[in-house]
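In each ligand, atom 1 is the first atom listed, and ligand 1 is the first ligand listed.
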Amino acid sequence: MSYRFEFRPYNRRFRQPVRTHHGEWQVRQGLILKLTDEDGRSGFGEVAPLPWFGSETFEQALDFCQQLPTQLSDHRVPSLLPTLPACQFGLESVFASLERKLRPIDLPNAQCGVLLARGQASLAQWQTLWRQGYRVFKYKIGVGSVAEEIDWLDQLLGQLPLGAKLRLDANGGLNELAARQWLDWCDRNNQRIEFLEQPLPPKDFDTLMRLSYRYQTPIALDESIASLEQLKAHFHQGWDGIYVIKAAIMGSPQRLQHFYHKYPIDLVISSVFETAVGRQALIRLAIDLAMAYPDIPHRALGLGTEQWFTNDGLSQTNWQQLWQRLG
Ligand SMILES: O=C(O)CCC(=O)c1ccccc1C(=O)O
Ligand SMILES: [Mg+2]
């Protein structure tokens with residue numbers, strides 16, 4: 001079997017910049033991959049790099065795709081350098097989507113956490129999202145001072161119905177003192193805070209481990225486990241908290257599945273602001289993982305990021321139309 005390989009870059013400007021401890025992010029750049037077989041059937045995949053998390057850059061991904069032959073003669077996915085994890089993910093997904101002839105699956109908002117804007121905007125925003133069925137809300141901290149951010153979150157918790165849960169994400173931006181202040185606040189708001197994500201930078205793993213024993217509020221690793229190798233290393237060092245899985249930058253989804261089959265860790269599949277193409281691959285992955293252990297509870301997926309983009313046609317699941325948008 002021979003396949004025609006094509007790719008098209010995209011640029012998506014956020015409605016408002018995404019502000020995290022890593023800085024301000026204005027435009028999401030990535031690539032949509034298309035594979036067509038001899039019968040004219042197509043599959044799609046996405047490369048969505050996140051260099052500030054340790055993946056390749058957009059330019060490196062583009063270079064890689066430009067040097068691939070336009071005709072791929074074999075259906076096996078090339079095993080790429082570990083320096084191209086987002087490309088590895090995109091290539092494996094484009095083959096899987098063609099071979100498995102997958103139809104897009106809808107993800108109910110109740111099974112999806114949604115990323116709020118910070119400050120006043122979050123107070124203006126949550127009600128609409130609640131009405132749309134979202135129950136898990138994610139909020140970025142570690143950008144301003146602890147006092148100021150706790151003030152906004154007290155206001156937000158004061159408004160949110162009791163059925164809502166909050167995920168806080170510091171993106172590694174706290175020191176130990178600030179992390180303790182936050183964890184005290186989280187423990188006081190027990191039951192309403194699902195977890196605190198990456199309070200400290202990855203180098204402070206020992207402290208993170210100690211904090212996870214001292215506080216009730218669960219801690220999640222994210223920046224610490226940006227690659228499958230890092231994930232495994234933290235697992236073998238005894239991390240038994242939550243793992244945030246940015247599968248789109250973690251290389252081979254198959255290898256991730258093998259690991260999970262052996263070690264069913266407590267994980268959250270999380271977005272890196274993919275289009276609908278990458279999002280479908282993540283939903284598929286989440287279903288495959290959940291089916292391996294149907295009796296254990298699964299957390300809401302961290303895929304509620306679509307509202308950060310304007311209506312540019314890249315959130316739709318009509319792949320042909322989405323592809324045309326990039327032409
Ligand atoms: O995980 C989620 O729920 C939303 C996605 C998210 O927060 C995110 C999106 C892009 C880059 C980094 C992050 C992050 O978790 O730090
Ligand atoms: Mg995070």
Ring-ring centroid check Phe137 Trp126, cutoff 6.0 Å: no
Sidechain N-carboxylate O distance under 4.0 Å for Asp312, Arg325: no
Residues which pass side chain to side chain donor-acceptor pair (under 3.5 Å) with Arg284, listed by chain and number, not counting sequence neighbours: none
For Asn109, all residues meeting side chain to side chain donor-acceptor pair (under 3.5 Å), sequence neighbours excluded: Tyr134
Phe259 and Tyr263 aromatic ring geometry - parallel, tilted or perpendicular at 30°/60° bounds: tilted
Contacts of the Mg ion (ligand 2) with protein N/O/S atoms, counting only those under 2.8 Å: Asp169 OD2, Glu197 OE2, Asp222 OD2
Parallel, tilted or perpendicular: ring planes of His22 versus Trp52, cut at 30 and 60 degrees: tilted
Side chain Arg8, main chain Trp323, donor-acceptor under 3.5 Å: yes
Pair Glu197 + Lys138: basic N to acidic O under 4.0 Å: yes
Arg4 bridged to Glu38 by N-O distance under 4.0 Å: no
What does the N/O contact table under 3.5 Å look like for ligand 1?
unit_1: ligand 1; atom_1: 1 (O); unit_2: Lys138; atom_2: NZ; d: 2.6
unit_1: ligand 1; atom_1: 1 (O); unit_2: Ser270; atom_2: OG; d: 2.6
unit_1: ligand 1; atom_1: 3 (O); unit_2: Gly302; atom_2: O; d: 3.4
unit_1: ligand 1; atom_1: 7 (O); unit_2: Lys138; atom_2: NZ; d: 2.8
unit_1: ligand 1; atom_1: 7 (O); unit_2: Lys140; atom_2: NZ; d: 3.1
unit_1: ligand 1; atom_1: 15 (O); unit_2: Lys138; atom_2: NZ; d: 3.0
unit_1: ligand 1; atom_1: 15 (O); unit_2: Asp169; atom_2: OD2; d: 3.0
unit_1: ligand 1; atom_1: 15 (O); unit_2: Glu197; atom_2: OE2; d: 3.1
unit_1: ligand 1; atom_1: 15 (O); unit_2: Asp222; atom_2: OD2; d: 3.0
unit_1: ligand 1; atom_1: 15 (O); unit_2: Lys246; atom_2: NZ; d: 2.8
unit_1: ligand 1; atom_1: 16 (O); unit_2: Lys140; atom_2: NZ; d: 3.0
unit_1: ligand 1; atom_1: 16 (O); unit_2: Asp169; atom_2: OD2; d: 3.0
unit_1: ligand 1; atom_1: 16 (O); unit_2: Asn171; atom_2: ND2; d: 2.7
unit_1: ligand 1; atom_1: 16 (O); unit_2: Asp222; atom_2: OD2; d: 3.2

